[in-house]
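Structure record follows, encoded as structure tokens.
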Protein chains: 2
Amino acid sequence: MTRRAKFRQITIDEIKSLARLQMAEGGTASLSLNAIAKHMGMSGPALYRYFESRDALITALIVDAYEALANALEETAARFVHQPVRECLRQVLLTYRRWALDHPIDFQLIFGNPIPGYQAEEAITAPTAGRVFAPILRILERAYQQENRPYPAFLESLPPQLQVRLSQSMQEVQPSLPEKVVYVGIVGWYHIHGMIMLELFNHIQPLLSDPAQFYSFEIERLFDQMNL
Amino acid sequence: MTRRAKFRQITIDEIKSLARLQMAEGGTASLSLNAIAKHMGMSGPALYRYFESRDALITALIVDAYEALANALEETAARFVHQPVRECLRQVLLTYRRWALDHPIDFQLIFGNPIPGYQAEEAITAPTAGRVFAPILRILERAYQQENRPYPAFLESLPPQLQVRLSQSMQEVQPSLPEKVVYVGIVGWYHIHGMIMLELFNHIQPLLSDPAQFYSFEIERLFDQMNL
DNA sequence: CACGCAAGTTATAAATTATAATTTATGTTA
DNA sequence: TAACATAAATTATAATTTATAACTTGCGTG
């Protein structure tokens, strides 16, 4: 990497870092290119050398967030891969919530409403989205394929017309995955993910004294249903 | 109501209506006081006679949305009150999703991330929030109290330290509600609501061919667990 | 050494929310 | 009915946005 490119990368990183900081203080809306530039000691339009537009910056942040979440999940999955399936998936799901609470802004960027007028570009975010779901699927595959656990009873009553559509990128990560595994994964992910969104996007929070305990409780309940 | 007050109310309604329309087209961010005024044939600052600020307008819209959702749920609950508990709750939950899909903007206003820099005022929104949860609780109370159904098995393993905190307003709607009923309600609401948020805020949608079928499937699964 | 391109600058355009000052219209009251 | 108070709307203006254009500076490589 040339000397110039290195400095360029540093500048890009600093811009993104400041953008995250700004959003952490005032919400996803308070992102201001001008303010960032000012804070970096340069003036407004200079930033457009590094990001084509405000939306381009946001897209970059979203992609980063996706990667970071996926990395966190994969790392946990790897660390507990020698533990029993139940413990391994438990740790992954706990990491999921932990990461969301530790990086609320990034989580909002990924799963929240689009920012002011920002239009998420499916083409850019979709590939990485698969990486988030993949670790969960891999653990479930181990449970039902390798260890031959019986599939959950509720799969029997699943409507036959209902079909899963694994995205291109996810199929690359996990080729030839049995449909039943994916179904179980979706049911679990919806359940878990929904809880986290509710906790993070508030409005329901005051209902429970300790969301963490409730989350753990629901995880065990889910595992029981999954025959883990 | 005086003649002037009536016109004033009409104007307020028109502003809110146009605001909703605007958001429906360009997302919650595209709300512009100027554009509304222009569309109404008056110029900018005139709107400030009716709403103190942009945030005040948004708050009004949020309150309206809460009311509308609560009304829809209550209406369905009333219409099916003579049906078996299971059918009644099913219809209420179907209405919940239906309303969310039919009014995505309002649903985002209520449960999504705050708009660009907008800070939700708990004091204003909390009271109405109770009305959304209340119909569900009432049906569950009927099941477990009046009809003496056994409580779900999973309640046994609920951590004893976990406590529910019913808001002031909810206690007024439902006084002296057994804690167990509230627990079941929360578990159910989290599950259901989480699914809807995922469907609405996308990012996971392409995973399933028919979200409606999945939703119905999960409802039945939930009911089985609830002994309904 | 000199040329080319990257990086940053200022100037400017088109929006936004919001305030101040002013005019116009309405409704009530002496 | 006439006069006055207040509501409603206007224009002008300020302070911010994002974004483009044109120009200057300076690095680094051939």
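Residue numbers begin at 1 in each chain, while the letters A, B, ... track the order of the sequences.
Residues meeting the side chain to side chain contact (heavy atoms under 4.5 Å, CB included) test with A:N71, sequence neighbours left out: A:E74, A:R131. The side-chain hydrogen bond (donor to acceptor under 3.5 Å, both in side chains) test applied to B:E220 returns B:R86, B:R90, not counting sequence neighbours. With sequence neighbours excluded, the residues forming a ring pair (Phe, Tyr, Trp, His ring centres under 6.0 Å) with A:F107 are A:F111, A:H193, listed by chain and number. With sequence neighbours excluded, the residues that form a side chain to side chain contact (heavy atoms under 4.5 Å, CB included) with A:E75 are A:R79. Evaluation of the side chain to side chain contact (heavy atoms under 4.5 Å, CB included) rule for B:H103 yields B:W99, B:D106 as partners, not counting sequence neighbours. Remark: B:R8 pairs with no residue by the side-chain hydrogen bond (donor to acceptor under 3.5 Å, both in side chains) rule, at least two apart or across chains. Annotation: side-chain hydrogen bond (donor to acceptor under 3.5 Å, both in side chains) contacts of B:T76 (sequence neighbours excluded): B:T95.
Distance, A:M42 CE to C:dT10 P: 13 Å, rounded to whole Å. Note: CZ (B:R8) to P (C:dG27) measures 14 Å, nearest angstrom. Atom P of nucleotide C:dG8 and atom CD1 of A:I10 are separated by 12 Å, given to the nearest angstrom.
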Side-chain atoms of residues 15-27 of chain A: list all donor-acceptor pairs with protein atoms under 3.5 Å, sequence neighbours left out, distances to 0.1 Å.
residue : atom : partner : partner atom : Å
A:K16   : NZ   : A:D64   : OD2          : 2.9
A:Q22   : OE1  : A:S32   : N            : 2.6

Without placing hydrogens or testing angles, list every side-chain donor-acceptor pair under 3.5 Å for residues 45-53 of chain A, not counting sequence neighbours.
residue : atom : partner : partner atom : Å
A:S53   : OG   : A:D55   : N            : 3.4
A:S53   : OG   : A:A56   : N            : 3.2

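Closest heavy-atom contact between B:S216 and B:L94: OG-CD2, 4.1 Å.
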Could you write out each protein N or O paired with an N or O of nucleotides 23-30 of chain D at a distance under 3.5 Å?
residue : atom : partner : partner atom : Å
D:dC27  : O2   : A:R4    : NH2          : 2.9

Along nucleotides 12-19 of chain C, 5' to 3', which nucleotides get a B, which get an S, and which get a -, given that the test is a protein heavy-atom distance under 4.0 Å?
----SBBB
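The stretch residues 14-21 of chain A does not touch DNA chain C, since none of its heavy atoms comes less than 4.0 Å from the strand.
Note on B:Y50: only backbone sugar-phosphate atoms sit closer than 4.0 angstrom, heavy atoms only; bases stay farther off.
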